[in-house]
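Whatever order the structure lists them in is the order used to number ligands and atoms, beginning at 1. Since the structure is predicted, the reported quantities are computational estimates derived from the model, not experimental observations.
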Amino acid sequence: MIHGGAGTLTRDAITSEVEAGIRADLDRALSAGEAVLSAGGTSLDAVVAAVKLLEDSPHFNAGHGSVFTHEGHVEMDASIMHGPTRSAGAVAGLRTVRNPIDLARRVMDDSPHVMLIGDGAERFAAERGIERVDPEYFRTERRWQQLQDVRAREQTRAALPPEARYGTVGAVALDQHGALAAATSTGGMVNKRWGRVGDVPVLGAGTWAEAGCAVSATGWGEYFIRLGVGHEICSRMRIGGQALAEAADAVILKDLPALGGDGGVIAMDAQGGLRMPFNTSGMYRGWIAADGSRGVAIFDSEADPDGRD
Ligand code: ASP
């Protein structure tokens with residue numbers, strides 16, 4: 001299961017050409033993950049393959065196409081977690097790493113740490129031979145324009161527009177060995193300052209995986225951190241005995257709006273059950289269920305395996 005961010009996504013807000021491009025890239029990301037899993041590969045490799053494809057797409061706020069900070073840089077965050085072992089890796093504030101999810105994986109596999117940030121993380125990338133690029137690579141005209149718009153509105157003290165916040169990407173997967181994994185990657189929030197880091201690299205908030213449950217989130221990161229969204233959903237199942245749907249819906253459709261936050265998650269259990277609740281008007285999402293059925297969706301009105309009205 002994959003996501004490409006949640007937010008104020010209405011049919012008239014995107015052209016049909018962009019919409020087709022988004023759907024095609026979601027579908028390609030699903031195929032990239034599926035290719036790994038159907039060849040007997042691990043869920044960790046599958047989530048990395050899917051997330052990398054979305055990082056490389058200009059349509060999403062991660063890797064190429066990330067949003068800009070107040071100062072006009074790109075500062076990306078990512079994390080990954082393996083359910084059975086709870087191995088995890090996270091990175092924050094990256095400016096030159098082409099695929100932040102690759103570096104998060106490397107932190108997990110090839111360092112004694114769980115989280116690396118900023119210059120140190122970039123040095124670790126250089127030492128481990130992870131591809132780095134000129135920051136110009138990340139720039140898309142749309143995101144640059146978005147920063148100018150938000151900065152102009154800021155001067156008039158208007159609130160940050162909801163559509164300016166989202167576009168994070170993520171994946172969760174279950175492999176033939178019964179192992180769950182989750183991965184998430186983002187440029188964060190447009191116009192962010194002061195080294196702001198959101199929920200994406202905070203394990204237990206934007207990304208979480210344990211033996212019976214895996215979650216990748218998108219939304220207003222500060223609220224996802226305060227609720228410990230990923231960990232909360234999985235704890236409701238492990239300790240509270242709740243089913244996946246009940247646990248994920250309670251956190252995203254009740255706890256999150258009660259606190260004032262918005263966004264959504266993709267969540268999976270160890271039987272391959274899927275849940276993808278969001279409390280915004282849309283969430284870019286895609287899934288391949290255990291029975292092989294497959295789909296991508298954007299708007300709230302579109303059917304997905306949740307079967308919610
Ligand atoms: N959760 C991300 C953040 O707060 C934003 C998003 O999901 O688009 O950094």
N/O separation below 3.5 Å, [X] to ligand 1:
X: D199; value: yes
X: G219; value: yes
X: V200; value: no
X: G188; value: no
X: T186; value: no

If you measure from each non-hydrogen atom of M283 to ligand 1, which part falls under 4.0 Å: side chain, backbone, both or neither?
-> neither
Nearest non-hydrogen partners of E75 and K192, listed with the distance | O-NZ, 2.6 Å
So, H64 versus D56: side-chain donor-acceptor pair below 3.5 Å or not?
-> no
State, without any angle test, whether H3 and S216 hold a side-chain donor-acceptor pair at a distance under 3.5 Å.
-> yes
Would R236 and D255 count as a salt bridge (Lys or Arg N to Asp or Glu O under 4.0 Å) if you check the C-alpha gap in whole Å, the side-chain angles of each, and the deciding distance to 0.1 Å?
-> CA-CA 13 Å; R236 280 172 173 266; D255 299 354; 3.4 Å; yes
Cluster link I130 to L116, ILVMFWY, side chain under 4.5 Å = yes
Pair R285-I2, side-chain contact (heavy atoms from CB on, under 4.5 Å): steps then yes or no = CA-CA 6 Å; R285 57 205 190 277; I2 57 171; over 6 Å; no
Considering the heavy atoms of G167, write down every atom of ligand 1 situated less than 4.0 Å from one of them.
-> 8 (O)
Atoms of ligand 1 less than 4.0 Å from T218 heavy atoms?
-> 6 (C), 7 (O), 8 (O)
Could you name the option among V190, T184, T168 that has the heavy atom nearest to atom 7 (O) of ligand 1?
-> T168
If you measure from atom 4 (O) of ligand 1 to every heavy atom of K192, M189, R196, which option wins on shortest distance?
-> R196
Any G5 heavy atom less than 4.0 Å to ligand 1 | no
Is G206 near ligand 1, meaning one of its heavy atoms is under 4.0 Å from it?
-> no
Quick one: ring pair (Phe, Tyr, Trp, His ring centres under 6.0 Å) pairs with a partner in residues 187-215, sequence neighbours left out?
-> W208-H231
Whether over 12 other heavy atoms sit under 6.0 Å from D110 CG = yes
